[in-house]
Amino acid sequence: MSPVERTLIKSPPEVWELVEDEDRARGWVSVLAGIESEIEAVERRDGEMIVWRNDDDSIELEIALSEKGWGTNVSVRSRPDREDAVLERVLEDLAATESQPFSRG
């Protein structure tokens, strides 16, 4: 399983908030599987790595984070292997999503 990697100009906590979002991950896994299904996090190291698996165990999506300079290096891989272009869509989604600004109370 070869990873697709990119450094995003976002902090690790910002990216982690996105990758642990179950609804967002369900969309990614559905694209990889070709069908919509329920998912669960089967492995997790908070702030570092999460593995999402669909309910029929046909797809696993692993996303790993590490701090890199002014951003976060994100590594995405799937089991079974999928084309890099499909995994790049996950990175594109993470890069395009704006973080929520702090609210002033």
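Predicted model only: the values in this text are computed from it and were never measured.
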Side chain to side chain contact (heavy atoms under 4.5 Å, CB included), paired with Val74, selected from Leu18, Thr7, Val15: Val15
Among Leu87, Leu91, Val19, the one residue meeting side chain to side chain contact (heavy atoms under 4.5 Å, CB included) with Ile63: Val19
Heavy-atom closest contact (Ser58 atom, Pro80 atom, distance): O-CD, 3.1 Å
Shortest non-hydrogen contact between Gly71 and Pro12, atoms and distance: O-CD, 4.5 Å
Say you draw a straight line from [atom1] of [X] to [atom2] of [Y]; how long is it, rounded to the nearest 0.5 Å?
{"X": "Arg53", "Y": "Asp57", "atom1": "CZ", "atom2": "CG", "answer": "5.0 Å"}
{"X": "Asp21", "Y": "Trp52", "atom1": "CG", "atom2": "CH2", "answer": "7.5 Å"}
{"X": "Leu61", "Y": "Leu32", "atom1": "CG", "atom2": "CG", "answer": "5.5 Å"}
{"X": "Leu8", "Y": "Glu92", "atom1": "CG", "atom2": "CD", "answer": "9.5 Å"}

Joint hydrophobic cluster, Trp16 plus Val51, side-chain heavy atoms closer than 4.5 Å: no
Worked check of salt bridge (charged side-chain N to carboxylate O under 4.0 Å, His left out) between Glu60 and Arg77: CA-CA 8 Å; Glu60 279 189 3; Arg77 59 180 85 215; over 6 Å; no
Polar side-chain atom of Asn54 near backbone of Ile59 as donor-acceptor pair, under 3.5 Å: yes
Under 3.5 Å donor-acceptor, Thr72 side chain and Lys10 backbone: yes
Where at least one partner belongs to residues 23-32, residue pairs that pass salt bridge (charged side-chain N to carboxylate O under 4.0 Å, His left out), sequence neighbours excluded: Glu22-Arg26, Asp23-Arg26, Arg24-Asp93, Arg26-Glu38
Glu83 vs Glu88, side chain to side chain contact (heavy atoms under 4.5 Å, CB included): CA-CA, chis, key distance, verdict: CA-CA 9 Å; Glu83 293 180 31; Glu88 284 284 346; over 6 Å; no
Connected-component partners of Ile35 among ILVMFWY, side-chain separation under 4.5 Å: none
Side-chain heavy-atom pair Leu94, Trp28 within 4.5 angstrom cut-off: yes
Can you list, pair by pair, the side-chain donor-acceptor contacts under 3.5 Å of residues 39-50, counting residues two or more places apart and other chains?
| unit_1 | atom_1 | unit_2 | atom_2 | d |
| --- | --- | --- | --- | --- |
| Arg44 | NE | Asp46 | OD1 | 2.8 |
| Arg44 | NH2 | Glu20 | OE1 | 2.4 |
| Arg45 | NE | Glu48 | OE1 | 3.4 |

